[in-house]
There are 2 protein chains.
Amino acid sequence: MNEQELASLADRFRSMLRLAVFVSRRLDGDLELSTTQLSILTMCGNDGLRMGVIAGNLGVRVPSATEQVSRLERAGLLERHADPKDARAVVVRRTPRGDKTAAEVSRRRTARMVDVLETLEPAELEALRTALPVMDKINERLHSISNPKERIA
Amino acid sequence: MNEQELASLADRFRSMLRLAVFVSRRLDGDLELSTTQLSILTMCGNDGLRMGVIAGNLGVRVPSATEQVSRLERAGLLERHADPKDARAVVVRRTPRGDKTAAEVSRRRTARMVDVLETLEPAELEALRTALPVMDKINERLHSISNPKERIA
DNA sequence: CCTAACATTTAGGCTACCTAAGTATGAATG
DNA sequence: CATTCATACTTAGGTAGCCTAAATGTTAGG
């Protein structure tokens, strides 16, 4: 693939990323838990996770994770526990109600997505399936790019 | 493809959408203009667009578009003009500086994406290319799903 | 005309991110 | 041990970008 084709693919892929944000909003924007909250609930099994790990999995800073966890705790879906090995740390676990809610919400959300996917051709579904691992790889690659921050508008 | 395979694909596709949000943050999070702002700048050629059309293209409500346009106007990249056909309406156009900035920012952003794509196998690039139109189709399908709004946490 | 529909802005609110600074514990070192 | 540095988390305060509801002015239809 030559330079120009690559640039064209890059451009269209950038548009696709933006589209993914829309799709995500359309799909999840009206439900009980935000996508982030459902992710947290899903990853904190009954074994529990450290706050820092949650943040890392989400791709956000620790204080952002703290905020979401606190909210889910207030809603009775998660609990903070002391880590016996390290008094600095916190272990976040789902409550029984959290288990139930996570399962329900996830089921509803997947069902909605299935409704959409059902309208597609088999070849299109195959295209989707094939592209999934590529996105993972791209995400990994981007870990290596750094981030200052300044906006002009 | 049977019911269960479809559900599994739906699940993994949902994860991919979340990943797309990360990738987008990693890729664009540190630059001069937000993704939304660059989209606006790109779509408002020198012909200009109505505020409502901008909002529609972005997939947001009109007041959200107003806000971003105002900001870009303050930054000297866009201008509001009266529509001679309809005094209620506004036509948003890029300034010459807006032209220049849009081109530059877009070039830089694509270059960064090319750097990432260059690390992939030809088959992976092909997978990406094939999946792009499928995302468009999914987005269209989702237009038909409605949106109240209530969170439990 | 008068009323209803439309295009936009303004005002106010919320989520989810961020950075910087504070607290407390743990680990390493002289 | 005492000190110091690193780690894990929370708190405080700020910002972007979305939302709804209401205000303003314009057009179009009966």
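Chain naming here is simple, since letters A, B, ... match the order of the sequence lines and numbering starts at 1 in each.
In the set D:dG17, C:dC17, D:dT10, D:dG17 carries the atom at the smallest distance from any side-chain atom of B:Gln68. For B:Arg61, the listed nucleotide lying nearest its side chain is D:dT20; candidates were D:dT26, C:dT9, D:dT20. Nearest to the side-chain atoms of B:Pro63 among the listed nucleotides D:dT26, D:dT10, C:dT9 stands C:dT9.
Put simply, A:Gln37 has no side-chain N or O that comes within less than 4.0 Å of OP1 or OP2 on C:dT15. Close to C:dT9, at under 4.0 Å from its OP1 or OP2, lies a side-chain N or O of B:Arg80. Between C:dA16 and A:Ser34, a contact under 4.0 Å exists linking OP1 or OP2 to a side-chain N or O. In terms of phosphate contacts, B:Thr66 brings no side-chain nitrogen or oxygen within less than 4.0 Å of OP1 or OP2 of C:dA7. Within the 4.0 Å cut-off from OP1 or OP2 of D:dT10, not a single side-chain nitrogen or oxygen of A:Ser70 is found. Not one side-chain nitrogen or oxygen of A:Ser64 sits closer than 4.0 Å to the OP1 or OP2 atom of C:dA16. OP1 or OP2 of D:dA16 lies within a sub-4.0 Å distance of a side-chain N or O belonging to B:Arg71.
Taking atom CG of A:Asp86 as the reference point, atom P of C:dA27 lies 7 Å away to the nearest angstrom. One atom, CZ of A:Arg74, and another, C1' of D:dT10, lie 13 Å apart when rounded to the nearest Å. Rounded to a whole Å, the CG atom of A:Asp83 is 12 Å from the C1' atom of C:dT25. Going from atom CD1 of A:Ile54 over to atom P of D:dT10 covers 9 Å, rounded to whole Å. At whole-Å resolution of the value, CZ in B:Arg26 and C1' in C:dC18 are 15 Å apart. Here D:dT11 presents its P atom at 10 Å from CE of A:Met51, a figure rounded to the nearest Å. In this structure, B:Leu49 atom CG and C:dT8 atom P are separated by 10 Å, rounded to whole Å. Rounded to an integer number of Å, the gap from B:Glu67 CD to D:dC18 C1' is 8 Å.
Using a 4.0 Å heavy-atom criterion, one finds that A:Val62 contacts the bases of the nucleic acid, with or without backbone contacts as well.
The residue among B:Lys85 and A:Ala65 whose nearest nucleotide of DNA chain D is located toward the 5' end is A:Ala65. Mapping A:Leu58 and B:Gly52 onto DNA chain C via the closest heavy atom, the residue that lands nearer the 5' end is B:Gly52.
By the 4.0 Å N-to-carboxylate-O rule, A:Arg14 lies close enough to A:Asp11 to be salt-bridged with it. Salt bridge status for A:Glu126 with A:Arg129: present, with a side-chain N to carboxylate O gap under 4.0 Å.
A donor and an acceptor atom never sit less than 3.5 Å apart when one is taken from the side chain of B:Arg88 and the other from the base of D:dT27.
A donor-acceptor pair under 3.5 Å is formed between the side chain of A:Glu73 and the backbone N or O of A:Arg80. Between the side chain of B:Gln37 and the main chain of B:Ser34, a donor-acceptor pair closer than 3.5 Å is present. Distance alone, capped at 3.5 Å, is enough to place a donor-acceptor pair between the A:Glu124 side chain and the A:Glu121 backbone.
Here the shortest heavy-atom pairing between A:Arg109 and A:Leu33 reads NH2-O, 2.9 Å.
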